[in-house]
Peer 1: 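Input: one structure, supplied below.
The first residue of the sequence shown is numbered 1, and numbering continues consecutively from there. Read the numbers this way: they start at 1 and go in the same order the structure lists the ligands and their atoms. Predicted model only: the values in this text are computed from it and were never measured.
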Amino acid sequence: MSSSSKRIKNVSISVPVLYGNHAVKLAPEKRTERTPVDHTHEWTVFFKPVIAGFDLTPLLKKVTFKLHETYDTPVRSVERPPYQVTETGWGEFEVIIKLHFHAGSELSINEKNFQIFHGLKLHPFNPQSPTRPNGEVHSVLYDELVFSEPTEKVFEILTSAPSNLLPYKLSDPSKRDQEFLRTDELDELARLDVYIEQIKGEIEKQRDDYKDLEQEKLALLQ
Ligand code: SLL
């Protein structure tokens with residue numbers, strides 16, 4: 001076994017990620033002759049690290065998105081970022097987002113791939129809430145991928161720039177189910193603040209993008 005594939009005992013590292021979907025009502029000008037008449041929405045389902053510029057390709061071989069079987073080739077495979085699929089449709093369903101890691105980069109020794117279940121949202125959570133002009137809906141969730149006992153190679157990738165993640169150490173290795181000890185809690189809190197700001201920025205950006213699209217649509221209609 002080479003030194004870079006040696007696993008570091010009693011250590012774990014969490015990678016903050018975002019996944020979910022955006023949806024808008026399908027604008028008439030976006031229809032083509034191939035768009036089925038019953039398709040009412042355009043949506044994008046995605047998976048990405050919160051940290052801007054953090055390249056997961058050294059760890060991730062590909063991300064597959066399993067759509068409802070009403071879609072042609074329901075399993076869509078994406079090998080590089082952005083890890084996302086854009087489609088049109090009429091109904092909500094559960095998307096299975098599967099992360100396929102390179103050998104030695106799995107989340108843990110027993111875990112080959114990792115699955116996330118995302119309920120695709122086309123309609124607002126609260127039907128009473130005022131609808132946005134183009135019916136835009138965002139359903140985005142925060143989660144953390146926990147790499148336990150990472151190899152030295154994975155440890156190096158995760159703890160160096162641009163992610164600079166902090167490893168967690170088990171305080172008592174004989175108790176596997178105890179809480180992790182934070183090496184530096186203040187540092188971790190500061191990092192969370194940065195993630196929150198990045199998520200806020202992301203929401204703003206999406207809002208602006210949709211506003212621009214809405215302007216374009218109005219201009220086209222004039
Ligand atoms: C429902 N259980 O009944 C869900 C299924 C399926 C959504 C939703 C497109 C299909 C196509 C599509 O929107 N499928 O392209 O033919 O609500």
Peer 1: Parallel, tilted or perpendicular for His41 and His123, by the 30°/60° rule?
Peer 2: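 Judged by the thresholds at 30° and 60°, the geometry between His41 and His123 is perpendicular.
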Peer 1: Not counting sequence neighbours, list each pair that qualifies as a salt bridge (charged side-chain N to carboxylate O under 4.0 Å, His left out) and has a residue in residues 26-54.
Peer 2: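 Matches after skipping sequence neighbours: Lys30-Glu42, Lys48-Glu202.
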Peer 1: With the threshold set at 4.0 Å, does a side-chain nitrogen-carboxylate oxygen contact exist between Glu214 and Lys211?
Peer 2: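 Salt bridge between Glu214 and Lys211, a charged N being under 4.0 Å from a carboxylate O: no.
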Peer 1: May I have a table of the N/O to N/O pairs between ligand 1 and the protein that fall below 3.5 Å, each row giving the two atom names and the distance to 0.1 Å?
Peer 2:
{"unit_1": "ligand 1", "atom_1": "13 (O)", "unit_2": "Tyr71", "atom_2": "OH", "d": "3.3"}
{"unit_1": "ligand 1", "atom_1": "13 (O)", "unit_2": "Trp90", "atom_2": "N", "d": "2.7"}
{"unit_1": "ligand 1", "atom_1": "13 (O)", "unit_2": "Gly91", "atom_2": "N", "d": "3.1"}
{"unit_1": "ligand 1", "atom_1": "14 (N)", "unit_2": "Thr70", "atom_2": "OG1", "d": "3.0"}
{"unit_1": "ligand 1", "atom_1": "15 (O)", "unit_2": "His39", "atom_2": "NE2", "d": "3.0"}
{"unit_1": "ligand 1", "atom_1": "16 (O)", "unit_2": "Thr70", "atom_2": "O", "d": "3.3"}

Peer 1: Rest of the hydrophobic cluster containing Trp90 (Ile/Leu/Val/Met/Phe/Trp/Tyr, side-chain heavy atoms under 4.5 Å)?
Peer 2: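 Its cluster partners, ordered by chain and number, are none at all.
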Peer 1: Hey, what's the ring geometry for Phe46 with His22, parallel, tilted or perpendicular (30° and 60° as the breaks)?
Peer 2: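 Parallel, since the angle between the ring planes stays under 30°.
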Peer 1: Sequence neighbours left out, cut at 3.5 Å: what donor-acceptor pairs do the side chains of residues 58-66 make with other protein atoms?
Peer 2:
{"unit_1": "Thr64", "atom_1": "OG1", "unit_2": "His100", "atom_2": "NE2", "d": "2.9"}

